[in-house]
Undergrad: 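First the structure, which I've put down as structure tokens, then a few questions once you've had a look.
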Protein chains: 2
Amino acid sequence: MARTPRDTRTRILDAARLEFADRGFAGAGVDTIARRARVNKAMIYYHFADKQALYRETLSDLFSALTARVRAIDEALPPATRIERFIETAAGFLQQHPELPRIMLRELAEGGTHLDQETLTTMQGLALSGTAIIAQGVADGTFRPVHPVLTYFTVVGPLMMYLGGAPIRHELVRRKLFPAEGLDSESFVRHLQTFVKLGLTAGPDTRATTARRRPTRRTPGGPT
Amino acid sequence: MARTPRDTRTRILDAARLEFADRGFAGAGVDTIARRARVNKAMIYYHFADKQALYRETLSDLFSALTARVRAIDEALPPATRIERFIETAAGFLQQHPELPRIMLRELAEGGTHLDQETLTTMQGLALSGTAIIAQGVADGTFRPVHPVLTYFTVVGPLMMYLGGAPIRHELVRRKLFPAEGLDSESFVRHLQTFVKLGLTAGPDTRATTARRRPTRRTPGGPT
DNA sequence: GTCTATACCCTGATAGAC
DNA sequence: GTCTATCAGGGTATAGAC
């Protein structure tokens, strides 16, 4: 069965995603992408204007898929549930596409240098969805009065860092500097969900920073 | 006053820090570093073996300074206070050296490809200090029984992402896609401190994921 | 649409004078 | 320790045949 043009394009994008995640925009080689895609280098320039255009399309595809999933979360659900779903949904996607968090971490560090308006706008979709959920929870009194943007970073930061940092974390585990147990993604998602829920629903005294509540009992079951 | 060799070396390291933060290892140019340091390019190769050695020394310096500060937090303090201090201390340093979080985000994404044993070990110091505090709090019952490593990422993730992502966040604010108010670093630090404290000290029912506690009153004062 | 061959620039690194 | 000049290689991008 002959390879269709559509195939070629897809293979290039697939390879590009990996290569850009591995080495970043500057570090990625068009030659390497061609080799990874098992496609002739000239084909890349046939399908894409240049390296940067390829990069942008890679990111656009990735981010629009993620934001689409996040936007699909039922808006009628209560904010606490929506945040939980947001975390699950995002985490699930980031696990299916481990390249995304890595690319995101880089682009964050870089200040979006290689992006155009359109790609940036696509990336914003995620932030808008996230902050909207938080703002709604604050408005209807479900959450304590947090700043939606600050809170958004508090939720997404761990997601990106944990899932994007998987390679280096595995290295640390291999070197026995981190314990191996309890570091699977499912545990992490549950941990983050609980953590965020607690952080958003105020106990009796949020303001008194010095007050310490003594724990009455140790929660049974494994660590969250 | 003549420029001492010490000066030259320092100027190179200063420039390298900025350039590596701006463009990453692959993107950084030795030529550019020389220009930024107002030093002849050959001087870089006189003081450092090659680009990679310069990179490693840059990171080593940065991370050992940070971990030194974090380690200086009084171990006798109660865990809840130590975590608070940890956040303040780290955030303070990351603001003084905005290059660090950006470099860290990149290196995380890259899996530590450009690092040697020694540099990696230095970077681990931060993680060890952080997880030690959390483990102690869990052990003495101050915190609920969380996994120290998962929690560590939950604390450091927002720090790195918020402070390292400053450039792109400013861009989003400039484009009026994020509100400008309340996004200063001090607000963020307070927000994170409160959030983490709530997330670590269990309310009545941590385990029942479906149970919802209805808020009794809106906390007065600005959002945290 | 696909491939070969190649132009050309940029950049890491060094030689060698002072 | 400092500088000028230069090399060698790798990388993006294109021309042009099929």
Undergrad: Could you check how far CD1 of B:Ile44 sits from P of D:dT2, rounded to whole Å?
TA: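 Interatomic distance, CD1 of B:Ile44 to P of D:dT2: 12 Å.
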Undergrad: Can you figure out which of C:dA13, D:dC3, C:dC3 approaches the side chain of A:Met43 most closely?
TA: C:dC3
Undergrad: What is the distance, rounded to the nearest whole Å, between atom NE2 of B:His47 and atom P of C:dG12?
TA: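 Going from B:His47 (NE2) to C:dG12 (P), I get 18 Å.
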Undergrad: Tell me: CG of A:Asp7 to C1' of C:dG1, nearest whole Å?
TA: 13 Å
Undergrad: Any pair with a residue in residues 145-170 of chain A that passes side chain to side chain donor-acceptor pair (under 3.5 Å), sequence neighbours left out, goes on the list, sorted by first then second residue, please.
TA: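 Pairs touching residues 145-170 of chain A that pass the test: A:Thr154-B:His191.
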Undergrad: Whether B:Tyr45 contacts C:dT14 is assessed here as follows: a side-chain N or O lying under 4.0 Å from the phosphate OP1 or OP2. Is that the case?
TA: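 Answer no for this pair, as no side-chain N or O of B:Tyr45 is under 4.0 Å from OP1 or OP2.
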Undergrad: Polar atoms only, N or O, under 3.5 Å: list the protein pairs with nucleotides 5-8 of chain C and their distances.
TA:
none

Undergrad: Starting at CD1 of B:Ile12 and ending at P of C:dA13, how long is that distance when rounded to a whole Å?
TA: 14 Å
Undergrad: Less than 4.5 Å apart, any side-chain heavy atom of B:Asp22 and any of B:Arg102?
TA: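 Result yes, sub-4.5 Å side-chain heavy-atom pair found.
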Undergrad: Measure the distance from CD on B:Glu19 to C1' on C:dT11 and round it to the nearest whole Å.
TA: 12 Å
Undergrad: Could you tell me how far apart A:Tyr46 (OH) and D:dC18 (P) are, to the nearest whole angstrom?
TA: 19 Å
Undergrad: Can you see if the side chain of A:Thr8 gets near the phosphate of C:dT2 - specifically, an N or O under 4.0 Å from OP1 or OP2?
TA: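 Answer is yes, contact under 4.0 Å.
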Undergrad: Calculate the interatomic distance between B:Leu54 atom CG and C:dT11 atom C1'; express it in whole Å.
TA: 15 Å
Undergrad: Determine whether B:Arg11 and B:Arg36 satisfy the following criterion, side-chain contact (heavy atoms from CB on, under 4.5 Å), listing intermediate values before the conclusion.
TA: CA-CA 9 Å; B:Arg11 295 162 64 89; B:Arg36 281 178 111 139; over 6 Å; no
Undergrad: Looking at DNA chain D, which of residues 29-36 of chain A put a heavy atom within less than 4.0 Å of it?
TA: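 Result for residues 29-36 of chain A: A:Gly29, A:Val30, A:Asp31, sorted by number.
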Undergrad: Using a cut-off of 4.0 Å on non-hydrogen atoms, how would the nucleic acid contact of A:Ala28 be classed: base, sugar-phosphate, or nothing?
TA: sugar-phosphate
Undergrad: For B:Val196 and A:Phe195, what are the C-alpha separation, side-chain angles and deciding distance, and is it a side-chain contact (heavy atoms from CB on, under 4.5 Å)?
TA: CA-CA 8 Å; B:Val196 167; A:Phe195 204 94; 4.2 Å; yes
Undergrad: Would you check if A:Met161 and B:Met160 make a side-chain contact, meaning some heavy-atom pair closer than 4.5 Å?
TA: yes
Undergrad: Do A:Lys51 and A:Phe25 make a side-chain contact, defined as non-hydrogen atoms from C-beta onward lying under 4.5 Å apart?
TA: yes
Undergrad: Which heavy atom of A:Thr131 sits nearest a heavy atom of A:Leu128, and at what distance?
TA: OG1-O, 3.2 Å
Undergrad: Using a 4.5 Å cut-off on heavy atoms from C-beta on, say whether the side chain of A:Ile33 contacts that of A:Phe20.
TA: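 Side chain of A:Phe20 against side chain of A:Ile33, heavy atoms only: contact under 4.5 Å found.
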Undergrad: Compare all side-chain heavy atoms of B:Phe48 with those of B:Leu13 and state whether any distance is below 4.5 angstrom.
TA: yes
